[in-house]
Amino acid sequence: MNFYSSLIAQSAHTKSLTTLRAVHTNVIKSGFSYSFLGHKLIDGYIKCGSLAEARKLFDELPSRHIVTWNSMISSHISHGKSKEAVEFYGNMLMEGVLPDAYTFSAISKAFSQLGLIRHGQRAHGLAVVLGLEVLDGFVASALVDMYAKFDKMRDAHLVFRRVLEKDVVLFTALIVGYAQHGLDGEALKIFEDMVNRGVKPNEYTLACILINCGNLGDLVNGQLIHGLVVKSGLESVVASQTSLLTMYSRCNMIEDSIKVFNQLDYANQVTWTSFVVGLVQNGREEVAVSIFREMIRCSISPNPFTLSSILQACSSLAMLEVGEQIHAITMKLGLDGNKYAGAALINLYGKCGNMDKARSVFDVLTELDVVAINSMIYAYAQNGFGHEALELFERLKNMGLVPNGVTFISILLACNNAGLVEEGCQIFASIRNNHNIELTIDHFTCMIDLLGRSRRLEEAAMLIEEVRNPDVVLWRTLLNSCKIHGEVEMAEKVMSKILELAPGDGGTHILLTNLYASAGKWNQVIEMKSTIRDLKLKKSPAMSWVDVDREVHTFMAGDLSHPRSLEIFEMLHGLMKKVKTLGYNPNTRFVLQDLDEEKKISSLYYHSEKLAIAYALWKTIGRTTTIRIFKNLRVCGDCHSWIKFVSLLTGRDIIARDSKRFHHFKGGLCSCKDYW
DNA sequence: GTAGGGTTAG
C-alpha cells in the first residue's frame, strides 16, 4: 500500500495523468480499499487537473474526510467552478460534516464570485458559532474580502475589528476593499493604523497603498511609501515597481514614473501596460507609442488594457496609420471581440471619419455593454449619421441595457449634427422625465446648440434660464447660433453675459467680430478689432494640412510658399472653372474682411482647405483613393460647398476633419447634410 | 494532505 501511496504522490508531483490512471487501475485490481487510497487518488487527480475524475472517485468513496471535502471545494473554485464548490459545501453540511477554517477561507470566495450574499452571511454565522470567525486569521480575511466584494464595507470593517491578532493579510484585505470602492482616504487610514501597530506591510499591501496615494494625488505619502518599499527590500518586486510608476504618473510626476521604469530590470505585461497608460494619461502619446513598440519587440503581448490605452493615444493625435497597425495586432491576438479594445478602435475610426471600419469593429464585438454602444453612437454623432445613431439607441434599449449620461450626450449630439431637431427635443424631454439621469450642463449645451442652429433662438435662450450656473461654453454656443442667423441684437446681449463671466475672452470677441463682418457692420468690426488688439488677443491663423504618401503638407490662406504652388494654382483654377459649370457659386458672406466683391471672391479661392485639396488632387491624379485633409479651425461655408462640387466632379471621396468634426464628401454630398 | 490579500482599461 505504501508502494501505491508513493506512486500516486509521484504522478501527482509530475502531473502525469496517464500514470495516475494506471496506478488507479492497479489499485482496483489489487482489491485495496478506497478508504486508504481514495483520498490520495483524489488529491492526485486534482493536482493533475482532472476535476471530473476526482469527483467521480469522490462520489464512490464510502466515507469522506473533511480534508477531501475542502480539497474538492478549493480546487473547483480555483478552476473557476464556484457553483460546483457551493454544491459541495451544501452536500457537506447535509451529510453532517462540520466545516473548518479551511472550508470557510475557501468557500467565501465562491460566494462573492457568485454574488450569493445570503449564503455568505449564513456561512459567516456558522463560522461565528464554531468560533472560527475571529480566532483564525484565514477565515477573518476571507470574510473581510467577501463582504468587500458584496459592497458591504461596514460588515467587512466589523469583522476586521473583532479580530484580536490582526495580521498583514487581514489588514491588506480591508485596505484593498476600501481601495476598490474608491475610498482611498479610508485605505490610507487603515494603512497608517497598521504601521502604528507594528504590522509590517508586504508587497501586496504596498502595491495597493501606492495606488491609493496616486489616486489621492498624495505625492508626500507616495514618496514616503516609496522609501518604505526600498527599506522592505521589495524594490525589485514587479508589483511594487508597477505600483510605484503608476503612483508617480497619477501624481502627474511622469518623469519620476519614467525613472522607475528605466531602472527596473524585469517588466511583465502589467508593468508595460501601466507605463503606457501613465504616458497616455500624461499627454506623452508619442512616447507611449514607442514604448508600446518596444513592448512588442520584447515579445510581451499587449492585453485589452494596453490596446485600449495606446489606441486612445492614436485617437487623440489622430494617428490613423499607427492605429490601423494596432488594429491588426488586436486581430492577431484574437482580441478584436473585446469590448475595451473595440470601443477604443471605434473611437479612433470615428474620430478619423472612417465609419465603415468603426461599424465593422462594432459588429464583431462579442460582448456589448452601454459604454461600447455609447462609443459607436458617439462615432455616428460626430460624423452626422443621426438616423444610425438613433437606431443604435433603440437597440440599446431593446437589449435591456440602461442608457447613461454619456449615451444621452451622444444621442443629442447625433440629433444636433444631423439637424434632427424634433427627435432631439423628444429625447431631451424623455431625459427630464427619467429621474435616474442627472442632466448636466453638457446636455443643455447640446440642446441650446440644436435649437439655436435651427433658428429657435428664443427657445434656446429660455432653456439657458433653467441652467443653474451657465458657463462660458454655454453662452458661446448661443452666440454661435446668433452668428449663424445674423442676430446681432441677441448676440450683443449674450456677449455681455460672457464678458461678465470671462472678461477678455478671446473666442467671444472673435465670434462677435465675425458676426458684425457677416452682417456688413464694418464700423463695429473695426471697433472689435481694436479691442482685440488691446486685449492682445491673437486669432490663430487658419491652416489646413494634407497627408499625401506619408508626407504632410501644410497650407495657409493665399500661401505661395509651397514648392509646387504653380501646379496647385493651375489645378485650382481648372477646378474652379469646372465646378462653376456644375453650379458652384462663390459665397462672399464668408469673407470676413471689408473688400470689394471681386477681391472677396479671389480671397475665397485661396482658402487653406482649397489649397490642400488642390495639391492632393494634383499629386494623386489618376488614383481613386480618399483624400483626407485637416483644418485647425472650422471649415468655411464656401469651402464646404466647393468641396461638395469637387467630390462630384472628380469622383473622389474627400474627408475633412476640422476643429470640431469630420465631413465626408462623396458624389456632391456631405455627411453633415450641410448642417454643422 | 487543504486556505486568505495586489499592480493595468472605456
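What's counted below: heavy atoms across the whole structure, side chains too, no hydrogens, waters or symmetry copies. Labels below follow one simple rule: chain letters A, B, ... track the order of the sequence lines, proteins then strands, and each chain is numbered from 1. All values reported here derive from a predicted model rather than from experimental measurement.
- Remark: aromatic rings of Y89(A) and W69(A) are distant, center separation not under 6.0 Å.
- The side chain of A101(A) has dA3(B) as its nearest neighbour among dA9(B), dG5(B), dA3(B).
- As judged by a 4.0 angstrom heavy-atom cut-off over every strand, V371(A) is placed among the base-contacting residues.
- Within 4.0 Å (heavy atoms only), V168(A) reaches at least one base atom of the nucleic acid.
- Checking dG10(B), dG5(B), dG4(B) against the side-chain heavy atoms of T205(A) singles out dG5(B) as nearest.
- Annotation: E192(A), atom CD; neighbour count of heavy atoms from other residues, nucleotides and ligands within 6.0 Å is above 12.
- Taking only distance into account, the side chain of D369(A) meets the base of dG10(B) through a donor-acceptor pair shorter than 3.5 Å.
- The separation between L279(A) atom CG and dA9(B) atom P is 13 Å, rounded to whole Å.
- Side-chain atoms of N202(A) come within donor-acceptor range of the base of dG5(B), with a qualifying N/O pair under 3.5 Å.
- Taking atom CZ on R250(A) and atom P on dT8(B), their separation rounds to 5 Å, with Å as the unit.
- Qualifying side chain to side chain contact (heavy atoms under 4.5 Å, CB included) partners for F138(A), counting only residues two or more places apart in sequence or in other chains: S105(A), D136(A).
- Counting any heavy atom pair closer than 4.0 Å across all strands shown, G137(A) reaches a base atom.
- Of the possible donor and acceptor atoms, one in the side chain of R64(A) sits under 3.5 Å from a partner among the backbone N and O of F58(A).
- The distance between the ring centers of F111(A) and F150(A) does not fall below 6.0 angstrom.
- Using a 4.0 Å heavy-atom criterion, one finds that V277(A) contacts the sugar-phosphate atoms exclusively.
- Listed in residue order, the members of residues 152-167 of chain A having a heavy atom less than 4.0 Å from DNA chain B are D167(A).
- Going from atom CG of D136(A) over to atom P of dG5(B) covers 14 Å, rounded to whole Å.
- Few gaps surround NZ on K339(A); more than 12 heavy atoms of other groups in view lie less than 6.0 Å from it.
- Using a 4.0 Å cut-off, some side-chain N or O of K109(A) falls inside it from OP1 or OP2 of dG5(B).
- At whole-Å resolution of the value, CG in N212(A) and C1' in dT8(B) are 15 Å apart.
- Taking atom CD1 on I107(A) and atom P on dA3(B), their separation rounds to 13 Å, with Å as the unit.
- For T242(A) and dT7(B), a side-chain-to-base donor-acceptor distance below 3.5 Å is present, hydrogens and geometry of angles not being considered.
- In this structure, the CG atom of D145(A) is 13 Å from the C1' atom of dA3(B), given to the nearest Å.
- Looking at L311(A), V322(A), L307(A) one by one, the single match for side chain to side chain contact (heavy atoms under 4.5 Å, CB included) with F292(A) turns out to be L307(A).
- Between K189(A) and D193(A), no side-chain nitrogen of the basic residue sits less than 4.0 Å from a carboxylate oxygen of the acidic one, so the salt-bridge criterion is not met.
- Sorted by first and then second residue, the salt bridge (Lys or Arg N to Asp or Glu O under 4.0 Å) pairs with a member in residues 278-306 of chain A read E255(A)-R284(A); sequence neighbours excluded.
- We find that CD of E203(A) is positioned 14 Å from P of dG5(B), with the value rounded to whole Å.
- With distances taken from any side-chain atom of Y102(A) to the nucleotides dT7(B), dT2(B), dG4(B), the minimum falls on dT2(B).
- Distances shown here put a side-chain N or O of Q312(A) below 4.0 Å from the OP1 or OP2 atom of dG10(B).
- Counting atom types as modelled, S105(A) pairs no side-chain N or O with a base atom of dG4(B) as donor and acceptor under 3.5 Å.
- Heavy atoms of S243(A) sit under 4.0 angstrom from primed sugar atoms or phosphate atoms, though from no base atom.
- Between W272(A) atom CH2 and dA9(B) atom C1' there is a gap of 19 Å when expressed in whole angstrom units.
- Relative to the side chain of V270(A), the nucleotides dA3(B), dG10(B), dT8(B) differ in distance, and dT8(B) lies closest.
- When distances run from any side-chain atom of F305(A) to the nucleotides dG1(B), dT8(B), dG5(B), the shortest one goes to dT8(B).
- Here A140(A) lies out of heavy-atom contact (under 4.0 Å) with every strand.
- Between Q281(A) and dA9(B), a side-chain N or O to OP1/OP2 separation shorter than 4.0 Å is present.
- In this structure, Y340(A) does not count as stacked on the base of dA9(B) under the 5.5 Å centre distance and 30° plane angle limits.
- When heavy atoms are screened at a 4.0 angstrom cut-off, S309(A) is found touching no nucleic acid atom at all.
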